Amino acid sequence: WVKYTHSPAPADPLERYGAHVWLKVADGYSGDAVLPADTFHATGHAGQFVTMIPSARLVVVRLGLTRYPNAWDQTRFVRDVLDAVSSAHP
């Protein structure tokens, strides 16, 4: 199921979404941080995210209110969480 959900949808030539999940964070909420290839996201209203990284056995939930997309960088946030978890459990 995760593999199917995480596979790019044929209708999206830019490969931004899979089966009801986003494979890339929308431009307004994404900076230049690089996340693992198996990362995918459920995106909600005003900057709410559930980001899943199966290879890291990690789910990051952000229940925030960001009226202006460029005010929040989800990829940087997730990268920081991933780095913190990795350094705590080498």
Side-chain angles (χ1 to χ4, degrees):
W1 179 85
V2 171
K3 184 177 179 181
Y4 168 73
T5 300
H6 183 257
S7 300
D12 180 17
L14 298 177
E15 298 184 342
R16 295 169 297 175
Y17 59 87
H20 298 287
V21 297
W22 291 94
L23 305 178
K24 298 177 183 171
V25 174
D27 290 341
Y29 291 102
S30 181
D32 59 0
V34 177
L35 299 176
D38 63 336
T39 302
F40 58 103
H41 317 268
T43 304
H45 176 72
Q48 296 180 41
F49 289 91
V50 177
T51 297
M52 295 145 282
I53 308 173
S55 62
R57 300 182 63 185
L58 184 67
V59 176
V60 178
V61 178
R62 194 246 178 181
L63 299 175
L65 175 62
T66 304
R67 295 178 192 261
Y68 305 103
N70 291 326
W72 179 255
D73 185 341
Q74 179 67 9
T75 55
R76 170 82 311 189
F77 175 68
V78 173
R79 182 79 254 170
D80 289 347
V81 170
L82 190 58
D83 290 347
V85 169
S86 296
S87 67
H89 303 286

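For the single chain, residues carry numbers from 1 onward in sequence order. What you see is a predicted model; the values in this text were computed from it and never measured.
Cluster partners of Tyr4 are absent, since no Ile, Leu, Val, Met, Phe, Trp or Tyr has side-chain heavy atoms less than 4.5 Å from it.
Following chains of ILVMFWY side-chain contacts shorter than 4.5 Å, one cannot reach Val85 starting from Val34, and the two form parts of different hydrophobic clusters. Side-chain heavy atoms closer than 4.5 Å link hydrophobic residues (I, L, V, M, F, W, Y) into clusters, and following such links, even through other members, never connects Val81 to Trp22.
Taken from CG in Leu14 to CG in Leu23, the straight-line distance is 11.5 Å, to the nearest 0.5 Å.
Listed by chain and residue number, nothing satisfies the side-chain hydrogen bond (donor to acceptor under 3.5 Å, both in side chains) test with Asp80 (two or more places apart in sequence, or in another chain). Residues satisfying the salt bridge (Lys or Arg N to Asp or Glu O under 4.0 Å) criterion with Arg79, sequence neighbours excluded, are Asp83.
Applying the salt bridge (Lys or Arg N to Asp or Glu O under 4.0 Å) test to pairs two or more places apart or on separate chains, those with a residue in residues 8-22 are Asp12-Arg16.
For the residue pair Phe40 and Pro54, the shortest heavy atom distance occurs at CE2-CG, 3.8 Å. Nearest heavy atom pair, residue Ser30 against residue Thr75, reads OG-CG2, 3.3 Å. Minimum interatomic distance between Ala56 and Leu82 (heavy atoms only, all atoms of both residues): CB-CD1, 3.6 Å. A pairwise comparison of heavy atoms in Phe77 and Val60 identifies CE2-CG1, 3.5 Å as the closest pair.
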Throw together a table of side-chain donor-acceptor distances under 3.5 angstrom for residues 64-71, partners on residues two or more places apart or in other chains.
from: Thr66; atom 1: OG1; to: Arg62; atom 2: NH1; distance (Å): 2.9
from: Thr66; atom 1: OG1; to: Arg62; atom 2: NH2; distance (Å): 3.0

Name the atoms and distances for all side-chain donor-acceptor pairs under 3.5 Å in residues 43-53, with sequence neighbours left out.
from: Gln48; atom 1: NE2; to: His45; atom 2: O; distance (Å): 3.4
from: Thr51; atom 1: OG1; to: His41; atom 2: ND1; distance (Å): 2.9
from: Thr51; atom 1: OG1; to: Gln74; atom 2: NE2; distance (Å): 3.0

